[in-house]
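Reading through the structure tokens given below for one structure.
Bear in mind that the values here come from a model prediction, so they are computed numbers and not experimental data.
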Amino acid sequence: METDEEDCVAAWWDMVLRNLGNFPHCCAALGRKIAAQYNNFSSKSLKEHIFPPLMDMLIYLNIFKAPFLVDLKEPELMTPHTVNFYIKVEPGVILGIWHTVPSFRGQDAKGKDRCWYEAALHDGNPIIIYLHGSAEHRAAPHRIKLAEVLSEGGFHVLSVDYRGFGDSTGKPTEEGLTADALCVYEWTKARSGTTPVCLWGHSLGTGVVTNAAKVLEEKGSPVDAIILEAPFTNMWAASVNYPLLKLYEIAHNAYRNKERIKMVIFPPGFQHNLLCKSPILLKTVRDFLSQQWA
């Protein structure tokens, strides 16, 4: 018994000595790491440390996760014939998405799971992937209202929360949001057969949609259609107004088939987030997309 105790004490003491022997090496490594962090910090001015994260916060406003106390996993508590699901974009980034089916399929959708909704993307009804603006998440009232209007018009609607928004994981960046849009679009196309898919961007989302469409064009698989709601030409302009005419001129000059570019100016009174209340919205969208997909 005493021999066992002596062996345990000896083993413990050997471990202590080994750790003490490694201590100088650990201290040296820690010192090098601290020096590297200090050099990295001191090589930039204070404003370079402060302003990039501040600008990211002001652009995305994803820290404002309104409406609060909402269970994003239970969309049918807020809007009918809708299911919640998640898509993994890359390690550490999982997107929360709501899928709202066309309203005339509402009865069929009752009690169905995600697999049924996923298969429904192949039913021939057009699909809109909605990429929202800054702040809030997919349960914001104006976003729910738009999905319901489009659902009444016979569209599937996939309402996406980018990385860092809602319950989606990750941190928003320009490249990251573009990757999110591409991932959702390609996931949808893989399940929709010949059914057309439209990328719809609102405000901040118009930049995301434009970037994604450019990448798809360069890959040789152009997007079926895009809709830009309340777009901007740069962030400064976006903070002042929404110069639709300039963006239209850029698109019109760049696109080979001029007939596929259309600018629609809606009557005033709907503000930045409330175009969903326009009585002519659904007809305008239907007419435009029918021309693209003819």
Side-chain angles (χ1 to χ4, degrees), residues 79-82 97-106 108-109 117-132 142-160 181-182 184-203 205-206 208-210 212-214 216-217 220-231 244-245 247-267 270 274-294:
T79 186
H81 42 80
T82 299
I97 302 172
W98 283 359
H99 176 189
T100 303
V101 296
S103 60
F104 66 84
R105 301 210 62 189
D108 298 336
Y117 278 81
E118 189 173 314
L121 291 170
H122 204 281
D123 66 6
N125 294 298
I127 303 164
I128 289 177
I129 297 173
Y130 177 68
L131 299 165
H132 60 65
H142 62 280
R143 292 167 187 162
I144 289 178
K145 178 63 176 176
L146 178 63
E148 291 175 347
V149 168
L150 295 173
S151 171
E152 288 292 332
F155 295 94
H156 289 274
V157 184
L158 300 181
S159 302
V160 182
L182 289 169
V184 177
Y185 180 79
E186 291 170 348
W187 180 93
T188 305
K189 289 293 289 182
R191 290 156 177 79
S192 61
T194 58
T195 303
V197 180
C198 170
L199 288 176
W200 180 314
H202 172 247
S203 191
T206 63
V208 179
V209 165
T210 303
K214 181 181 178 183
L216 290 167
E217 181 77 31
S221 54
V223 65
D224 295 336
I226 65 172
I227 292 178
L228 307 180
E229 178 192 354
L244 300 182
L245 183 59
L247 189 71
Y248 172 74
E249 290 173 353
I250 295 171
H252 191 269
N253 292 334
Y255 209 88
R256 291 187 295 272
N257 186 349
K258 309 301 184 186
E259 294 179 356
R260 298 191 67 185
I261 305 294
K262 182 178 182 180
M263 181 177 71
V264 179
I265 299 177
F266 286 83
F270 298 108
L274 300 177
L275 189 60
C276 55
K277 294 187 176 181
S278 170
I280 66 171
L281 173 64
L282 193 54
K283 182 180 185 304
T284 303
V285 171
R286 278 175 173 164
D287 290 347
F288 173 70
L289 291 180
S290 64
Q291 291 173 12
Q292 305 307 303
W293 298 334

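To the nearest 0.5 Å, atom CG of residue Leu121 and atom CG of residue Leu158 are 6.0 Å apart. Rounded to the nearest 0.5 Å, atoms NE2 (His202) and CZ (Arg143) are 7.5 Å apart. Taken to the nearest 0.5 Å, the CD atom of Glu229 stands 5.5 Å off from the OH atom of Tyr130. Of the inter-residue distances, the one linking Ile226 atom CD1 with Lys214 atom NZ reads 13.0 Å to the nearest 0.5 angstrom. For the atom pair Glu186 CD and Arg191 CZ, the distance stands at 11.5 Å (nearest 0.5 Å). For the atom pair CZ of Arg286 and CZ of Phe155, the computed distance is 6.5 Å after rounding to the nearest 0.5 Å.
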Report the C-alpha distance between Val101 and His99 in whole Å, list the side-chain angles of each, state the deciding distance to 0.1 Å, and finish with yes or no for side-chain contact (heavy atoms from CB on, under 4.5 Å). CA-CA 6 Å; Val101 296; His99 176 189; 3.8 Å; yes
Determine, step by step, whether Tyr185 and Ile129 satisfy the side-chain contact (heavy atoms from CB on, under 4.5 Å) criterion, reporting the C-alpha distance in whole Å, the side-chain angles of both residues, the deciding distance to 0.1 Å, and the verdict. CA-CA 7 Å; Tyr185 180 79; Ile129 297 173; 4.1 Å; yes
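Residues Gly154 and Pro126 approach most closely at O-CD, 3.9 Å, considering heavy atoms. Taking each heavy atom of Lys283 and Asp287 in turn, the nearest pair found is NZ-OD2, 2.7 Å. Nearest heavy-atom pair, Ala212 versus Leu199, reported as atom, atom and distance to 0.1 Å: CB-CD1, 4.3 Å. The shortest non-hydrogen separation linking Asn125 to Asp123 is N-OD1, 2.9 Å. The minimum heavy-atom distance between His132 and Val160, with the atom names listed, is CD2-O, 3.2 Å. Closest approach of Leu282 and Gly153 over heavy atoms only: CD2-CA, 3.6 Å.
Between Lys145 and Leu274, the closest side-chain pair of non-hydrogen atoms is not below 4.5 Å. Side-chain contact between Asp108 and His81: absent, with no pair of heavy atoms (C-beta onward) separated by less than 4.5 Å. Annotation: side chain of Leu289 is in contact with side chain of Cys198 (closest heavy-atom distance under 4.5 Å). Counting heavy atoms from C-beta on, the side chains of Ile227 and Phe288 come closer than 4.5 Å. A 4.5 Å side-chain heavy-atom check between Tyr117 and His156 finds every atom pair outside the cut-off. Residues Leu281 and Leu146 have side chains in contact (heavy-atom distance under 4.5 Å, counting atoms from C-beta outward). No side-chain heavy atom of Leu131 sits under 4.5 Å from any side-chain heavy atom of Trp200. Side-chain contact check for Val209 versus Val223: every heavy-atom pair is 4.5 Å or farther apart.
Side-chain contact check for Thr79 and Glu148: at least one donor-acceptor pair (N or O, by modelled atom type) lies under 3.5 Å.
Side chain of Thr195 to main chain of Ser192: a donor-acceptor pair is present (N/O by atom type, distance under 3.5 Å, no hydrogens or angles). Formation of a donor-acceptor pair under 3.5 Å by the Ser151 side chain with backbone atoms of Ser103 is found in this model.
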